[in-house]
Structures are given as C-alpha cells and as structure tokens.
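Order of the sequence lines fixes the chain letters, A, B, ..., with proteins taken first and strands second; residue numbering starts at 1 for each chain. Model, not experiment: these values are computed from the prediction.
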Amino acid sequence: MKTPLQFWLVKTEPESFSIEDLAASPQQTTCWDGVRNYQARNFMTAMKRGDRLLFYHSNAKPPAVVGTAVVVREAYPDQTAWDPHDHHFDPKASPDHPIWQMVDLKLEEIFPQAVPLEELRAVASLKNMELLRRGSRLSVQAVARQEFETIVKLAHRKRPGGKP
DNA sequence: GCCAACGTTGGC
DNA sequence: GCCAACGTTGGC
C-alpha cells in the first residue's frame, strides 16, 4: 500500500536562500543542507518523494509563507557536515558517520500572494501550527494536510482592494 | 537592537 | 544526571 502524502514546512532566511534562489536553481531543485538540529533532521528522514512543503521566509519583512516545494530525493548524508570550511561543519560527522541528512527539494510554486505570519495567526483553523507556537524555532516542521491546504488557499484568494 | 525561547555544552 | 552558562533563532 502506498504511503499517503505528508506535508511539511521548511524555514529559510531569504538573505541566505530565498524561494527566488530556488526558482533560479538548475531544475529548480536544491539540496536542503545545513540542518543541524536532531528533531528537524528526523523530520527530513521521514520525508518521502512527492511529499509537499510550505516554503517559509524567516527574518524577512514580513516573515511569510511564500510558496511550495516537493520532495524529489529522500534523505541522504549531508556532506557539508564534514567539510571544515563549511559554515555548518560538525567535527563529529564523517563519511562513515554522517549524523546529518538532507533531502532534495524542487520548487512547486511561488505564491501569487505571500501569506504573512500575522495573517496566519488570525486563522482559527491554524492555531495549532508549530510555526505559530511561541518561541518556535524548529526549521523543519510537520504540518497537517488541512493546514497546508488552508495556506495555499489563502495565497490564491482574491482580496478586496487587491491588485486587479 | 532587544529579548524570549530554546538547544547544546561542560563542570561537577 | 543536574543545571548554569552560553550561543542561536527569529519576531518585534
């Protein structure tokens, strides 16, 4: 039996890697390297090809969900972990003991309208989202299908007084 | 720039 | 195994 699709959210600072950078990448695909948090890593190893992700810009003005992506390659060792010149170097990692994993993500869509954090907070059906939890810092999160779909809908909604 | 929240480190 | 110190995240 096929496993059902799962839904996720990944955070990135647009100054370091934005959704526009993803769109400009070869095949609009990138490896999601540099994750150095065990809980976030565990979520990445649980990802399956075809799973969909919300793409979130943190430390942005305003912070917002800006689009979606798809998992195109499941977890494999993050070799930047044992590169001493890499910003995310981890001396405990090695090719024999990778510790850290990454996945490949392909752009699905840049939202016609980004959905700012403030707007998410105003939606009752999203109140349990990890992203909205006070002090939430996890850079890879699981989201419910319902939450994913709600946010995609908000991004496509026609707003009164919006652009013609 | 401030600061709350959180994860990690290391002394004991 | 506790916990204080420290570094980082990330909204505001």
Side-chain angles (χ1 to χ4, degrees), chain A residues 6-25 30-47 51-69 71 75-105 107-144 146-155 157 159 162:
Chain A
Q6 305 174 99
F7 299 85
W8 311 94
L9 177 147
V10 290
K11 288 185 191 173
T12 174
E13 301 195 17
E15 293 230 339
S16 55
F17 191 87
S18 69
I19 199 164
E20 288 80 16
D21 293 328
L22 177 60
S25 301
T30 190
C31 55
W32 207 251
D33 61 6
V35 172
R36 298 292 181 267
N37 171 285
Y38 286 103
Q39 199 180 348
R41 182 205 61 182
N42 294 344
F43 281 139
M44 284 203 301
T45 58
M47 289 180 185
D51 282 1
R52 300 171 73 196
L53 307 91
L54 296 168
F55 200 97
Y56 178 79
H57 279 175
S58 62
N59 265 324
K61 285 177 264 178
V65 180
V66 292
T68 58
V71 176
Y76 61 106
D78 178 352
Q79 71 270 11
T80 66
W82 55 85
D83 173 1
H85 302 296
D86 192 273
H87 180 62
H88 300 285
F89 174 61
D90 179 352
K92 296 190 291 298
S94 69
D96 284 344
H97 183 57
I99 305 180
W100 304 110
Q101 303 278 121
M102 59 187 179
V103 294
D104 286 356
L105 305 182
L107 178 68
E108 184 172 54
E109 173 194 33
I110 298 181
F111 286 157
Q113 301 166 109
V115 187
L117 184 61
E118 190 184 13
E119 203 175 312
L120 299 179
R121 291 197 191 281
V123 180
S125 60
L126 299 179
K127 67 174 191 301
N128 291 325
M129 272 189 84
E130 165 70 17
L131 183 71
L132 305 185
R133 250 193 57 242
R134 184 178 161 79
S136 162
R137 300 190 322 177
L138 200 55
S139 65
V140 180
Q141 309 175 358
V143 306
Q146 169 266 124
E147 295 165 343
F148 185 96
E149 288 171 352
T150 298
I151 291 170
V152 170
K153 214 166 281 176
L154 285 173
R157 171 187 62 170
R159 301 172 200 216

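Following rounding to the nearest Å, A:Glu118 (CD) and C:dG11 (P) show an atom-to-atom distance of 12 Å. Atom-to-atom, CG of A:Leu138 to P of C:dG10 comes out at 9 Å; the value is rounded to the nearest Å. Per the geometry, CG belonging to A:Asp90 stands 14 Å off C1' belonging to B:dG7, to the nearest Å. Atom NE2 of A:His88 is separated from atom P of C:dT9 by 8 Å (rounded to the nearest Å). Put simply, CZ on A:Arg121 is 11 Å from C1' on C:dG10, counting in whole angstrom units. C:dT9 atom C1' lies 8 Å from atom CD of A:Glu13, rounded to whole Å. Rounded to whole angstrom, the span from the OH atom of A:Tyr38 across to the P atom of B:dT8 amounts to 7 Å. Atom CG in A:Asn59 sits about 11 Å away from atom C1' in C:dT8, given to the nearest Å.
Of all nucleotides listed (B:dG7, B:dA5, C:dG11), B:dA5 comes nearest to the side chain of A:Arg134.
Dashed line: the shortest gap from a side-chain N or O of A:Lys92 to OP1 or OP2 of B:dT9 is under 4.0 Å. Of the side-chain N and O atoms in A:Lys11, none sit less than 4.0 angstrom from OP1 or OP2 of C:dT9. The phosphate of B:dC6 has neither OP1 nor OP2 within less than 4.0 Å of any side-chain N or O from A:Arg137. Contact check, A:Tyr56 against C:dG11: a side-chain N or O comes under 4.0 Å of OP1 or OP2.
For A:Trp82 and A:Phe89, the gap between ring centers reaches or exceeds 6.0 Å. No close placement of the A:Tyr76 and A:Trp100 rings is indicated, their centers lying 6.0 Å or farther apart. Aromatic pair A:Phe55/A:Trp32: ring centres closer than 6.0 Å.
The two atoms that bring A:Thr80 and A:Gly34 nearest to each other are OG1-N, 4.2 Å, heavy atoms only.
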*Report the C-alpha separation of A:Met47 and A:Val140 in whole Å, then their side-chain angles, then the decisive distance to 0.1 Å, and conclude whether the side chain to side chain contact (heavy atoms under 4.5 Å, CB included) test is met.*
CA-CA 11 Å; A:Met47 289 180 185; A:Val140 180; 3.6 Å; yes

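Among the protein residues, A:Arg133 comes within range of the sugar-phosphate backbone only, with heavy atoms under 4.0 Å from sugar or phosphate atoms but none that close to a base.
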